K.L.:
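Below is a structure I'd like to ask you about.
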Amino acid sequence: MAHLWVHRAEGWEAQELKGKRFNLAGLSLPREREEGREESYDAGNAQRVTHGGPAWLIAAEAGGPPVWALVAARGSNARVNGSPPVAGLRVLSDRDEISIGAATELYFSSESLASVVPFPASGPPERMVRCGRCHQPIGLGDPAVRCPRCALWFHETAKWPCWTYSAECGGLCGQPTALDAGFSWAPED
Ligand SMILES: [Zn+2]
Ligand SMILES: [Zn+2]
């Protein structure tokens, strides 16, 4: 699952991007509300107006790992790698820096951790999903791992430890298979 690195008082914290929509305003970053707003001068009525429209991260899925994009409302001060999103939209790449106002700094990471889950679907026989290592079918409910990088499925049972059989994914994509590995990348302080 892709995640967002959020800088908190204790340091960088990985926040999972669950579901298909993540409201950046939902991050509890009290400093940002005070300092992150941009003010400009409205000549029309000689009043100070406050900008800072909402921004979301949205996932689009088409079989493989989801593609995440930042969608910003008009007036948002969200930036990706220092630039405002063109027409309010910016597709995110691994390790993109997101800022909202001066005080909120985030990093998007597409890196996911592998986990063992009951295999969710059996499908029709001709479309049976086969293990990326042993090429035997994976049964409904069998403990299995979906590689977070290449999306292949693998058995992961005591008898068939196909995922953890080697240090890297059997699909040769380079994903480490240790189930307690943690993230390989984090922003630097
Ligand atoms: Zn297998
Ligand atoms: Zn893989």
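Counting from 1, the numbers follow the sequence of the chain as shown. A quick note: this is a predicted structure, and the numbers were derived from the prediction, not measured. Counting convention: from 1, in listed order, for ligands and their atoms alike.
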K.L.:
What's the SG-the Zn ion (ligand 1)-SG angle here (Cys131, Cys162), rounded to 10 degrees?
P.N.:
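It comes to 110°.
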K.L.:
Nearest to the Zn ion (ligand 1), which N, O or S atom of His155 do we find?
P.N.:
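Within His155, restricted to N, O or S, the Zn ion (ligand 1) is closest to atom ND1.
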K.L.:
Evaluate the ring planes of Trp5 and Phe183, with Trp represented by its six-membered ring, and classify them as parallel (under 30°), tilted (30 to 60°) or perpendicular (over 60°).
P.N.:
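Rings of Trp5 and Phe183: perpendicular, over 60°.
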K.L.:
Determine, stepwise, if the pair Glu168 / Thr177 fulfils side-chain hydrogen bond (donor to acceptor under 3.5 Å, both in side chains).
P.N.:
CA-CA 5 Å; Glu168 291 188 352; Thr177 60; over 6 Å; no
K.L.:
About how large, to 10 degrees, is the angle SG of Cys150, then the Zn ion (ligand 2), then SG of Cys173?
P.N.:
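Here the angle at the metal atom is close to 120°, to 10°.
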K.L.:
Mind checking whether His155 and Trp160 have parallel, tilted or perpendicular rings, split at 30° and 60°?
P.N.:
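Because their plane-to-plane angle lies in the 30° to 60° range, the rings of His155 and Trp160 count as tilted.
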K.L.:
Evaluate the criterion side-chain contact (heavy atoms from CB on, under 4.5 Å) for residue pair Leu179 and Val116; output intermediate values, then yes/no.
P.N.:
CA-CA 8 Å; Leu179 291 167; Val116 181; 3.8 Å; yes
